[in-house]
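Note sheet for the following structure.
The sequence lines fix the lettering, A, B, ..., with proteins before strands; numbering per chain opens at 1.
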Number of protein chains: 2
Amino acid sequence: MAAKKAYCDCIETIKPVRDALDVINGKWKLPIIISVGVGNDRFTDIQESIPGITPKVLAKELKDLEQHRLVVRTVIDGYPVKITYQLAQYADTLTPIIYSLKNWGLNHRKKVTDRA
Amino acid sequence: MAAKKAYCDCIETIKPVRDALDVINGKWKLPIIISVGVGNDRFTDIQESIPGITPKVLAKELKDLEQHRLVVRTVIDGYPVKITYQLAQYADTLTPIIYSLKNWGLNHRKKVTDRA
DNA sequence: TATAGTGCTTTCCCAAAGGAAAGTGGAATA
DNA sequence: TATTCCACTTTCCTTTGGGAAAGCACTATA
């Protein structure tokens, strides 16, 4: 017999949501993906396009995103060496998440300012 | 004349996304919303439905969610006093976010296990 | 020759997140 | 009377995130 439980079961939703959150956690991952996705492919450009981000954090987050195969780092030989960042195709699958967050954020801001 | 900028502009997407992330930040907010949304309305039930959450964290996150008007705490007088939590209607607007995260998480887990 | 840009790294530091464990006060239950 | 349940709170501690500032190796530009 299964153990009785008073609470309603929701692990089947919570588990995948947490899997997703583990990948895109923190303040910076989605902003970086947005910035790279829009065409910023140089370290400095990405940095300047995201207000407040420091090079240390950007470097670390880019490495994380590479490991998760969402971003591809390319070294182009030549003088000087060029380094570019691009979204991996897999990052396209994040579009619905970004889209829904953007919409919600826009609506939320309106709601909060209306309140005041 | 506007200052020249080499980078592509993406603040209009980044800003609302960050507004949204500021509200649902951390490991626990969305799991809690999912749990309450599915019918868990007592503190202990919510706690037991979310693996790994401690009462301290749950109490703090519930307060945050109340402040953001996503969750409503109700005290029902009587002997003993009963306390229930429910989603505010506003929390329904999070459904697309949760849905897209869930889908992405499911797909991501498949992708990662296939890789191995 | 001096300065600026590129893509970072390094150090130092602080605050927030979060885990473990115990406790609390009242009421219900055995 | 003892134990349990409920909804937390409290304390202590560790980890993580992240900011500030400086530096570095290389190249390009003035």
Side-chain angles (χ1 to χ4, degrees), chain A residues 3-8 14 17-18 21-33 35-36 39-68 71-86, chain B residues 3-8 14 17-18 21-33 35-36 39-68 71-86:
Chain A
K4 64 166 178 184
K5 39 177 116 169
Y7 61 88
C8 303
I14 287 179
V17 167
R18 287 193 52 171
L21 290 177
D22 286 346
V23 175
I24 57 160
N25 58 358
K27 278 169 77 171
W28 301 112
K29 297 234 170 58
L30 287 179
I32 291 168
I33 286 171
S35 174
V36 177
N40 294 302
D41 62 346
R42 311 297 303 274
F43 191 91
T44 313
D45 289 343
I46 301 168
Q47 194 190 323
E48 281 171 5
S49 71
I50 304 174
I53 200 167
T54 61
K56 186 187 98 176
V57 169
L58 179 55
K60 190 229 162 205
E61 298 289 59
L62 280 171
K63 277 173 199 157
D64 283 4
L65 292 172
E66 255 195 283
Q67 284 207 332
H68 287 299
V71 161
V72 179
R73 189 185 117 117
T74 313
V75 181
I76 301 169
D77 286 334
Y79 300 98
V81 187
K82 236 188 175 188
I83 290 163
T84 67
Y85 293 92
Q86 255 124 354
Chain B
K4 63 167 177 184
K5 40 176 117 173
Y7 61 88
C8 303
I14 286 179
V17 167
R18 288 194 50 173
L21 290 177
D22 285 346
V23 175
I24 57 160
N25 59 0
K27 281 169 75 170
W28 301 112
K29 297 231 171 60
L30 287 179
I32 292 167
I33 285 170
S35 173
V36 177
N40 293 303
D41 63 345
R42 310 297 303 274
F43 190 91
T44 312
D45 288 343
I46 301 168
Q47 195 190 323
E48 282 171 5
S49 71
I50 304 174
I53 200 167
T54 61
K56 187 187 96 176
V57 170
L58 179 55
K60 188 228 163 208
E61 298 289 60
L62 281 171
K63 274 172 201 159
D64 282 5
L65 292 172
E66 255 195 281
Q67 284 206 332
H68 283 117
V71 161
V72 179
R73 189 184 116 118
T74 314
V75 180
I76 302 168
D77 286 332
Y79 302 97
V81 186
K82 234 188 177 187
I83 290 162
T84 67
Y85 293 93
Q86 255 124 355

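- In summary, A/R18 and A/D22 do not engage in a salt bridge, as defined by a charged side-chain N under 4.0 Å from a carboxylate O.
- Rounded to an integer number of Å, the gap from A/K27 NZ to D/dG18 P is 7 Å.
- When rounded to the nearest whole Å, the span between CD1 of B/I83 and P of D/dA7 equals 6 Å.
- Look at NZ on A/K63: it is 14 Å from P on C/dG7, rounded to the nearest Å.
- Considering every non-hydrogen atom in both A/T74 and A/Q86, the closest pair reads OG1-OE1, 4.3 Å.
- Rounded to an integer number of Å, the gap from CG of A/D45 to P of C/dT6 is 7 Å.
- One can place NZ of A/K82 at 14 Å from C1' of C/dG7, the figure rounded to the nearest angstrom.
- One can place CG of A/L62 at 16 Å from P of C/dT6, the figure rounded to the nearest angstrom.
- As rounded to whole Å, 11 Å separates atom P of C/dG18 from atom CG of A/D22.
- Between B/D41 atom CG and D/dA7 atom C1' there is a gap of 13 Å when expressed in whole angstrom units.
- Across all strands, A/P55 comes closer than 4.0 Å to base atoms (heavy-atom distances).
- Residue contacts shown for B/K60 are limited to sugar-phosphate atoms, with no base heavy atom under 4.0 Å away.
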